[in-house]
Asks: 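If you scroll down you'll find the structure; I have some questions about it.
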Amino acid sequence: MEKRFLYLTPDGFDNLELLCDFEGVVGIRFSSINEQERSSDDPSFLLAKNFLDAYFAARPLPFCPFFLKGITPFQKKVYEEAQRIPFGKLCTYGELSHRIESRIGSGFVSPRAVGQALKRNPILLWIPCHRIIPADGSLGGFAGGVKNKEALLRFEKEYAGGCGHEN
C-alpha cells in the first residue's frame, strides 16, 4: 500500500508529493497542494525528507534508496545515465542518447526515445531529468512543469560552485 506525504519546498517551487510503500520511496512529483506538511515518523519519508532538505540547502546529498517499479530495461538505462549528470550541469537528449549507446555498446538510441523514457520518470530530483534539454537550448517538456524546471536549473546553477554534490 502506498502512503503519500507532502514536502514543503522553498519559495519558487511547487511542493513535492512523495509516494512511499513498504520498500521505500517509489514516487516524487510536484504538486500544487499547499497545506501544512504532514509530519511522519515513517522511515521512508524521513530518508526522503533528509535527501530533499540537503538538496534544497545545496549540501551533499545523503543516500536515499528509491525503488523503480514497472519500468522497462531501456527506461532503467536512461534513468541510470541521467543520474550521472552532475548537479548544476546540463545535457541534451542527443548527448544522453550517445552516452547510452556507449554503455550498451551497440545500436542507435533515439534522442526522442530518451525523451519519452524521461517523460515517465517516477522519481523527480533523484533522477534529475530537469537537467536534460533539447539541442536548441530550450527547456522542452518536464513532468513537473516548465516553471519548476526553470527554478531547479536556476537554483542548481547558483549553488553548483561549492555545494559538494556528487551525482
Side-chain angles (χ1 to χ4, degrees), residues 4-19 25-35 37 48-49 51-61 64 66 68-104 108-167:
R4 296 172 190 276
F5 302 98
L6 186 66
Y7 178 86
L8 300 180
T9 60
D11 288 341
F13 303 94
D14 287 337
N15 291 323
L16 291 167
E17 184 178 27
L18 287 72
L19 292 93
V25 178
V26 297
I28 302 282
R29 61 181 168 224
F30 281 100
S31 172
S32 59
I33 297 171
N34 287 316
E35 59 187 54
E37 183 171 4
K49 184 179 183 317
F51 177 94
L52 292 167
D53 288 347
Y55 175 86
F56 285 112
R59 294 189 318 257
L61 298 175
C64 184
F66 60 86
L68 298 171
K69 297 182 178 218
I71 65 165
T72 68
F74 178 73
Q75 287 171 313
K76 184 175 186 213
K77 286 179 179 25
V78 171
Y79 299 159
E80 288 170 351
E81 200 58 40
Q83 287 183 284
R84 291 183 174 90
I85 302 167
F87 186 94
K89 301 293 182 189
L90 297 177
C91 179
T92 67
Y93 293 102
E95 290 167 342
L96 194 64
S97 67
H98 291 308
R99 291 180 188 183
I100 296 165
E101 288 170 357
S102 296
R103 289 215 185 271
I104 61 177
F108 171 73
V109 174
S110 161
R112 180 166 280 150
V114 167
Q116 289 300 310
L118 291 169
K119 181 178 176 181
R120 292 172 178 80
N121 174 8
I123 305 184
L124 300 179
L125 300 182
W126 269 257
I127 301 168
C129 58
H130 61 280
R131 297 179 189 151
I132 302 153
I133 61 171
D136 67 5
S138 66
L139 293 183
F142 179 58
V146 174
K147 173 190 142 230
N148 286 312
K149 184 171 186 166
E150 287 175 331
L152 290 169
L153 294 176
R154 193 171 37 255
F155 167 77
E156 287 189 8
K157 184 177 180 182
E158 181 178 342
Y159 290 101
C163 65
H165 281 273
E166 305 273 335
N167 281 14

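For the numbers below, each heavy atom of this structure counts, side chains included, while hydrogens, waters and symmetry mates do not.
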Asks: Evaluate L18 against K49 for side-chain contact (heavy atoms from CB on, under 4.5 Å), listing each step before the verdict.
Replies: CA-CA 9 Å; L18 287 72; K49 184 179 183 317; 5.9 Å; no
Asks: Quick check, are the ring centers of F155 and Y55 under 6.0 angstrom apart?
Replies: yes
Asks: Between the main-chain N or O of F87 and the side-chain N or O of E156, is there a donor-acceptor pair closer than 3.5 Å?
Replies: no
Asks: Taking all non-hydrogen atoms of both residues into account, name the closest pair between Q83 and P128 and its distance.
Replies: CA-CD, 3.9 Å
Asks: Report yes if some heavy atom in the side chain of L19 is under 4.5 Å from a heavy atom in the side chain of R29; otherwise report no.
Replies: yes
Asks: Roughly how far, to the nearest 0.5 Å, is the OG1 atom of T92 from the CD1 atom of I133?
Replies: 7.0 Å
Asks: Do you know which two heavy atoms are closest between R131 and G88, and how far apart they sit?
Replies: NE-N, 4.2 Å
Asks: Starting from the C-alpha separation in whole Å, work towards a yes-or-no answer on side-chain contact (heavy atoms from CB on, under 4.5 Å) for D14 and S31.
Replies: CA-CA 6 Å; D14 287 337; S31 172; over 6 Å; no
Asks: What are the two closest heavy atoms between A54 and L61, and how far apart are they?
Replies: C-CD2, 4.1 Å
Asks: Quick check: do F74 and V109 have side-chain heavy atoms less than 4.5 Å from each other?
Replies: yes
Asks: Hey, are the side chains of P122 and V26 touching, using non-hydrogen atoms and a 4.5 Å cut-off?
Replies: no
Asks: Does a sphere of radius 6.0 Å around NZ in K89 hold more than 12 heavy atoms from other residues, nucleotides or ligands, not counting ones at 6.0 Å or beyond?
Replies: no
Asks: Provide the closest heavy-atom pair for A151 versus G12 in the form atom of the first, atom of the second, distance.
Replies: CB-O, 3.4 Å
Asks: Check whether R103 reaches the backbone of R99 with its side chain - one donor and one acceptor, N or O, closer than 3.5 Å.
Replies: no
Asks: Quick check: does any side chain N or O of N15 sit under 3.5 Å from a backbone N or O of L6, one acting as donor and the other as acceptor?
Replies: no
Asks: Taking the side chain from N148 and the backbone from F30, do they hold a donor-acceptor pair closer than 3.5 Å?
Replies: no
Asks: Should E80 and I100 count as side-chain neighbours, where that means a heavy-atom distance under 4.5 Å?
Replies: no
Asks: Do K77 and E81 make a side-chain contact, defined as non-hydrogen atoms from C-beta onward lying under 4.5 Å apart?
Replies: no
Asks: Could you tell me whether the side chain of S97 and the main chain of S110 form a donor-acceptor pair under 3.5 Å?
Replies: no
Asks: L118 and A82: which non-hydrogen atoms are nearest, and at how many Å?
Replies: CD2-CB, 4.3 Å
Asks: Does the side chain of L152 come within less than 4.5 Å of F142's, by heavy atoms?
Replies: yes
Asks: Under 3.5 Å, is there a donor-acceptor pair between the side chain of K149 and the main chain of L139?
Replies: yes
Asks: Indicate whether any N or O donor in one side chain lies under 3.5 Å from an N or O acceptor in the other, for E95 and H98.
Replies: no
Asks: When you measure from the side chain of Y159 to the backbone N and O of A57, does any donor-acceptor pair fall under 3.5 Å?
Replies: no
Asks: Looking only at non-hydrogen atoms, find the nearest pair between I127 and N121 and report the distance.
Replies: O-ND2, 2.8 Å
Asks: So do Y7 and F56 actually touch side chain to side chain, heavy atoms under 4.5 Å?
Replies: yes
Asks: Can you tell me how far CD1 of I123 sits from CG of L68, rounded to the nearest 0.5 angstrom?
Replies: 5.0 Å
Asks: How long is the straight-line distance from CG of L90 back to NE2 of H130, given to the nearest 0.5 Å?
Replies: 9.0 Å
